[in-house]
Structures are given as C-alpha cells and as structure tokens.
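All residue numbers refer to positions in the sequence shown, counting from 1. Keep in mind the model is a prediction, meaning the values are calculated, not measured.
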Amino acid sequence: MEQPSGLYEVVADAGLVPDGLNLVAALTGFTDAGGAVGQLGEYLLDNLDNRVIVEFDTDTLLDYRARRPIITFDEDHLSDYEPQTLRLYLMTDELGQRFLFLNGFEPDFQWERFTAAVIELVQLFHVKTTTWVHAIPMPVPHTRPISVTVSGNRIELIDAMSVWRPSTQAPANALHLVEYRLQELGHPIAGFVLLVPHYLADTEYPVTALVALESISSATGLIFPTDRLREEGRVFAGKIDEQVESNAELARLVHTLEERHDTYMEGTSLRSPLTDVDGELPSADEIADELERFLAGNRPGDDFPSGDGRPL
C-alpha cells in the first residue's frame, strides 16, 4: 500500500487545531435515507464557523463516471464547474466548542489507504473521540420518533440509545472500515445508524438531520442550532399527515406499522420493529407506493418545506 499521507494535503496551519477535539464524520454516496447525511453536512457548514484543514485527493478517490460533477451551461458557454470534495474542517459549535468535521464524498477506491489516512489524522490531532452517522430505510412509521442503532465501543451510548441490535451481514461503507480499524486500536468511536421510514427514504426529510445532530450531541457534548430544522420538520410532517388522514387505506396501513413498532418497543418477542410475526413487509410497500404518488403529484412551485419547489 502506498503512503496514506499521499491521499491528503494539510492546507492550513496544523497548529490551529487544538489537541483532543472530537471528530465527527458524515460521507455521502452510500444509502442516505431521508437525505440525512447530505442535509447534516450542508446544515453544519452553512450555520457554523468553519475552516478547511485537510483536503483529500479527489482524482485518486472518486469514480467520476459513477458520481459525475456538475457543470453550468450558460446559453452558449460553460460558466461553472462544481467538483466533489472530501475535506476535514475545523468547526465551532453554538457554544464556542471546537471540533473536527470530516465531510464530503465517500471514497470509491483505496478504502484501506483512506482508512489509514484517517487514522494518521486522528493521531496527528490527538482526536478524543470519533462519531459518525448514516441513515438506512426501514419499514417504521413516520408518526414515531426516529430510532437509532449504535455501533462501536462507546458502551454507554449503545446501552442508552441503541434500539435495534441485529446480528446480520450488510453492505459496508468506507466509514464502517474506519470504525472497525479504530476500534481495533482502542480509540473511542460510535457509529449512529438512523432508522428512517422507508417510504420517505427518497425525500429530504428534515427530521433525519435533526436526529443526526442530536445523536452527535449525545456522543460529544457539542451543541447545534436546530430551530430551523425543527420548524421544517413540523411543516413536512403536517403535509404527510394530511395525506394519510385523507386516505382511509393508507391510514390503516400506517396504524399497522405503528402497532408493530409499539409492540416491539414494549419488549415483546418480535425480533425487530421491521417485520410482522411471519417476517413479511406488505404494509410498508403499499405505504411507499401511496406516498410516492402523493409526492410525485406535487409540482414545482408548491410550498414545500425545502423552499426551492422540489418535493421533500
């Protein structure tokens, strides 16, 4: 393996970074149910003071044909080019606490070398803890709080917050490997998996970003501004509730998911909140079809919480 340090460049004075900060990581490219990771990165960079400390080599790590950059065509010429980035930022939370934020695209290539590079940076900056988030679709109702599964070696967080603890195999993303390697080194790390209603997985669901922020706060003590996300979440939920209330069949199906969820949360013999006793998921699929029709039926210019005329 080539030197991990060849994958990145420290573009600011490393002395600006105090020892012992928390590292938060959120990478896009893997399943991002509800747009949780994308919203989280955008929200933090838009609302908190930040400075780029490390820039990763996009040409080495990104498959451009799988995730093409955006160009702007202005009548008769190209006026802008937006390459994807992977950066480590020095951030300041709402109380003036500083932390490191690894954000951008998930590498397509050289995962072991990338992981070694992250470990180098953890050691360079004497990182105190590492926390990362991602979100997956699950047949759970939108009328209940989004739950999380917690992995890593922060036992206090797992005991307090991890609702679903399966023993299973699943496709990994790059931060799974980072977690695995840091755990081997005994570095304190926690991974939060948000369990998002899968019929809302292809929307930008503001509550997912809010839950991601709350999870990070629980792990690090960092404090974030959340008023805007809370209001957007209320508006979004109101629109979904209106659709459910106007469709008796859809309301019945949501109620079925609610009962299944609540039974699981009460600690019955169901293996998870995701399946009925026969292991079937008919209700969630029907809900998905119905709500997708609802979302598709709204046209650009409608008053969506996103404010840009796009379906949530």
Is it the case that one hydrophobic cluster holds both Leu102 and Val54, taking links as side-chain heavy atoms less than 4.5 Å apart, direct or via other members? yes
In terms of the angle between their ring planes, are His176 and Phe30 parallel, tilted or perpendicular, with boundaries placed at 30° and 60°? perpendicular
With rounding to the nearest 0.5 angstrom, report the CD to CG distance, Gln84 to Leu62. 5.5 Å
Atom CZ of Arg165 with >12 non-hydrogen neighbours under 6.0 angstrom: yes
For the atom pair CZ (Arg68) and CG (Asp63), what is the distance rounded to the nearest 0.5 Å? 9.0 Å
Has Thr149 got a side-chain atom pairing as donor or acceptor with Leu195's backbone, closer than 3.5 angstrom? no
How about Gln97: does its CD atom have over 12 heavy atoms from other parts shown lying under 6.0 Å from it? yes
Roughly how far, to the nearest 0.5 Å, is the CG atom of Leu40 from the OG1 atom of Thr28? 11.0 Å
For Tyr205, is there any backbone N or O sitting under 3.5 Å from a side-chain donor or acceptor partner on Gln39? yes
Is the shortest side-chain heavy-atom distance between Val163 and Met265 below 4.5 Å? yes
After noting the C-alpha distance and the side-chain angles of Met1 and Gln110, does the key distance pass the side-chain contact (heavy atoms from CB on, under 4.5 Å) rule? CA-CA 9 Å; Met1 182 173 67; Gln110 302 194 31; over 6 Å; no
Apply side-chain contact (heavy atoms from CB on, under 4.5 Å) to Leu222 and Leu213, showing your working. CA-CA 9 Å; Leu222 297 167; Leu213 289 172; over 6 Å; no
Heavy-atom closest pair (Trp111 atom, Ala172 atom, distance to 0.1 Å) is CH2-O, 3.6 Å
Within-4.5 Å side-chain heavy-atom neighbours: Thr60 and Phe109: no
Taking all heavy atoms of Leu44 and all of Met91, pick out the closest pair and write down the distance. O-CE, 3.6 Å
Grouping I, L, V, M, F, W and Y whenever their side-chain heavy atoms are under 4.5 Å apart, do Phe101 and Trp132 come out in a common cluster? no
Find out if a path of hydrophobic residues (ILVMFWY) with successive side-chain heavy-atom gaps under 4.5 Å connects Leu21 to Ile189. yes
Between Phe114 and Leu88, is there shared hydrophobic-cluster membership here, with clusters defined by ILVMFWY side-chain heavy atoms closer than 4.5 Å? yes
To the nearest 0.5 Å, how far apart are CD1 in Ile158 and OG in Ser151? 7.0 Å
Taken to the nearest 0.5 Å, the spacing of Arg252 CZ from Thr256 OG1 works out to 5.0 Å
Counting only heavy atoms not in Ile70 (residues, nucleotides, ligands), do more than 12 fall under 6.0 Å from its CD1? no
Look only at the side chain of Arg181 and the backbone of Ile119, and say whether a donor-acceptor pair between them is shorter than 3.5 Å. no
Treat each ILVMFWY residue as a node, draw an edge where side-chain heavy atoms are under 4.5 Å apart, and state whether Val11 and Val17 are in one component. no
Partners meeting ring pair (Phe, Tyr, Trp, His ring centres under 6.0 Å) with His187 (sequence neighbours left out): none
What do you reckon, is CZ of Arg67 surrounded by more than 12 foreign heavy atoms closer than 6.0 Å? yes
Heavy atoms, side chains only, cut-off 4.5 Å: are Leu48 and Tyr89 in contact? no
I'd like to know if the side chain of Asp32 and the backbone of Val37 have a donor-acceptor N/O pair within less than 3.5 Å. yes
Given 3.5 Å as the limit, does a donor-acceptor pair link the side chain of Ser215 with the main chain of Phe192, or not? no
Starting from the C-alpha separation in whole Å, work towards a yes-or-no answer on side-chain contact (heavy atoms from CB on, under 4.5 Å) for Asn22 and Thr131. CA-CA 8 Å; Asn22 294 297; Thr131 303; over 6 Å; no
Value rounded to 0.5 Å, distance of OG in Ser162 from CZ in Arg154: 13.5 Å
Which heavy atom in Ala135 sits nearest to a heavy atom in Ala36, and how many Å separate them? CB-CB, 3.7 Å
Taking it one step at a time, do Glu55 and Thr85 satisfy side-chain contact (heavy atoms from CB on, under 4.5 Å)? CA-CA 8 Å; Glu55 186 93 39; Thr85 60; 4.1 Å; yes
Nearest heavy atoms of His198 and Pro139, plus distance in Å: ND1-CA, 3.8 Å
Close side-chain approach of Asp59 to Tyr64, heavy-atom, < 4.5 Å: yes
So if I apply the side chain to side chain contact (heavy atoms under 4.5 Å, CB included) rule between Leu23 and each of Leu182, Leu121, Val127, which one comes out positive? Val127
Taking distance alone, no hydrogens or angles, what donor-acceptor pairs closer than 3.5 Å link side-chain atoms of residues 224-231 to residues at least two apart or in another chain?
from: Thr226; atom 1: OG1; to: Arg230; atom 2: NE; distance (Å): 3.0
from: Arg228; atom 1: NE; to: Glu232; atom 2: OE2; distance (Å): 3.4
from: Arg230; atom 1: NH2; to: Glu214; atom 2: OE2; distance (Å): 3.2
from: Glu231; atom 1: OE1; to: Arg234; atom 2: NE; distance (Å): 3.3
from: Glu231; atom 1: OE1; to: Arg234; atom 2: NH2; distance (Å): 3.0

Side chains of Pro137 and Val196: does their closest heavy-atom pair fall under 4.5 Å? no
Is the backbone of Gln243 close enough, under 3.5 Å, to the side chain of Ser246 for a donor and an acceptor to pair up by distance? yes
Taking C-beta and beyond as the side chain, do Arg51 and Leu16 meet within less than 4.5 Å on heavy atoms? yes
Are the side chain of Asn173 and the backbone of Glu106 linked by a donor-acceptor contact shorter than 3.5 Å? no
Any idea which heavy atoms bring Ala33 and Ile136 closest together, and the distance? CB-C, 3.5 Å
Basic-acidic side-chain contact under 4.0 Å: Glu242, Lys239: no
Can you check whether Thr92's main-chain N or O pairs, donor with acceptor, with Asp49's side chain at less than 3.5 Å? no
Measure the shortest side-chain to side-chain distance between Leu27 and Pro107 over non-hydrogen atoms and say whether it is less than 4.5 angstrom. yes
Beyond-backbone contact of Leu61 with Phe105, side-chain heavy atoms, under 4.5 angstrom: yes
Could you tell me whether a side-chain N or O of Tyr199 sits under 3.5 Å from a main-chain N or O of His142, the two making a donor and an acceptor? yes
Exam field: side chain Arg87 to backbone Phe56, donor-acceptor pair closer than 3.5 Å: no
Taking all non-hydrogen atoms of both residues into account, name the closest pair between Ala174 and Thr115 and its distance. O-OG1, 4.4 Å
